[in-house]
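Counting starts at 1 for both ligands and their atoms, in listed order. It should be emphasised that the depicted structure is a prediction, and the values quoted were computed from it without experimental measurement. Values reported hereafter were calculated over all heavy atoms of this structure, with side chains retained and with hydrogens, waters and symmetry mates removed.
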Amino acid sequence: MAHKVVVTREVFDDALDRLRAAAIVVDNQGDVPLPPAELAARAADADAIVCALTDRVDAALLARCPRLKVVANIAVGYNNIDLAACTARGVMATNTPGVLDETTADFAWTLMLGAARRITEAERYLREGQWTGWQLKQLLGVDVHHATLGIIGMGRIGQAIARRATGFSMQVLYCNRSRLDAEVERGLNARWVARDELLAAADFVVLMVPYSEATHHLIGAAELARMKPTAVLVNTARGGVVDDVALVDALRRRVIAAAGIDVFEGEPAFHRDFLALDNVVLAPHIASSSAATRRAMAMLAARNAIAALSGERPPNLLNPQVLQA
Ligand code: DGY
């Protein structure tokens, strides 16, 4: 009997073609987000779900999908998936690491530079017809070159962000659950420090940790108060890693100078008071969104799903325990 794959959101045609060569595919090229009941109905007899971070895969959904063998997330972050529930049901879960590192690092830099040099504020000023001529003190920003970059979360993407700092002659500090090998540290010219030291010393603090209970509100009012008043915070990690209420307050009171934010608590909703602030650059969760990278993510998710359906170990299996059972 042919396998059935449910793809929950619009994907690139070549990813669909790859899946169709191996299974019957129920797509959602209309890209209407599926409410939980609709997803459960579509996946009731599915062998695989290829999903996005907008889909919640939890015990309730899994209970309604008795044939399910694999959930292939089109994202490296997988806090939308209850991994323990998948493992308990013997369902493989996969993500898409590696293919988005450089593109996401590029975007963290986009936000750093944009917030430091007030680019969205400057564009609004110009578009609104406010520019009457050059002024010495117009839209003064902060320098990125020769500044101190602090990276919280030094996995593959954090390291890709650090590599780019060399060209800006920056000092790099980092904190991470575990320290990098001395040789890797030397290659990145990065120094491992405690989080409080990083917050106090960095001119730019970039967050690149996965979201979990342990990282919920990792940056709140107390952490923002430790930062320099000239500092810039960049969140390209996950909504919920920053307490957005505290961040809005800190930006409003200039506890820190500026922020660049790609991810929000409760997306696609976000704290509306961000909109009234000039010192924040806002983006709708697009750090990995280059055409090449989003395609590569979809293709990798398809590859993971097909491998699982073919009885092979998927390249990016998150819960290898299911193969041992
Ligand atoms: C990821 O891969 O986790 C990104 O947030 C997707 O955009």
Do [X] and ligand 1 have an N or O pair less than 3.5 Å apart?
{"X": "Ala237", "result": "no"}
{"X": "Arg238", "result": "yes"}
{"X": "Ala75", "result": "no"}

Flag the pair Asp249 and Arg253 as a salt bridge only when some basic side-chain nitrogen lies within less than 4.0 angstrom of an acidic carboxylate oxygen. yes
Charged N to carboxylate O below 4.0 Å: is that the case for Arg118 and Asp278? no
Where ligand 1 meets [X] - atom numbers and elements under 4.0 angstrom, heavy-atom basis:
{"X": "Ser288", "value": "6 (C), 7 (O)"}
{"X": "Leu100", "value": "2 (O)"}
{"X": "Val76", "value": "1 (C), 2 (O), 3 (O)"}
{"X": "Gly77", "value": "1 (C), 2 (O), 3 (O)"}
{"X": "Arg294", "value": "7 (O)"}

Going by heavy atoms in the side chains, are [X] and [Y] under 4.5 Å from each other?
{"X": "Val193", "Y": "Tyr174", "result": "no"}
{"X": "Val242", "Y": "Leu218", "result": "no"}
{"X": "Leu300", "Y": "Thr94", "result": "no"}

Taking non-hydrogen atoms only, is Thr104 closer than 4.0 angstrom to ligand 1 via side chain, backbone, both or neither? neither
At under 4.0 Å between heavy atoms, what of Leu53 touches ligand 1? The answer is side chain
Minimum-distance pair of heavy atoms, taken over all atoms of Ile81 and Cys86: CG2-SG, 3.8 Å
Look at the aromatic rings of Phe264 and Phe270 and report parallel, tilted or perpendicular, splitting at 30° and 60°. tilted
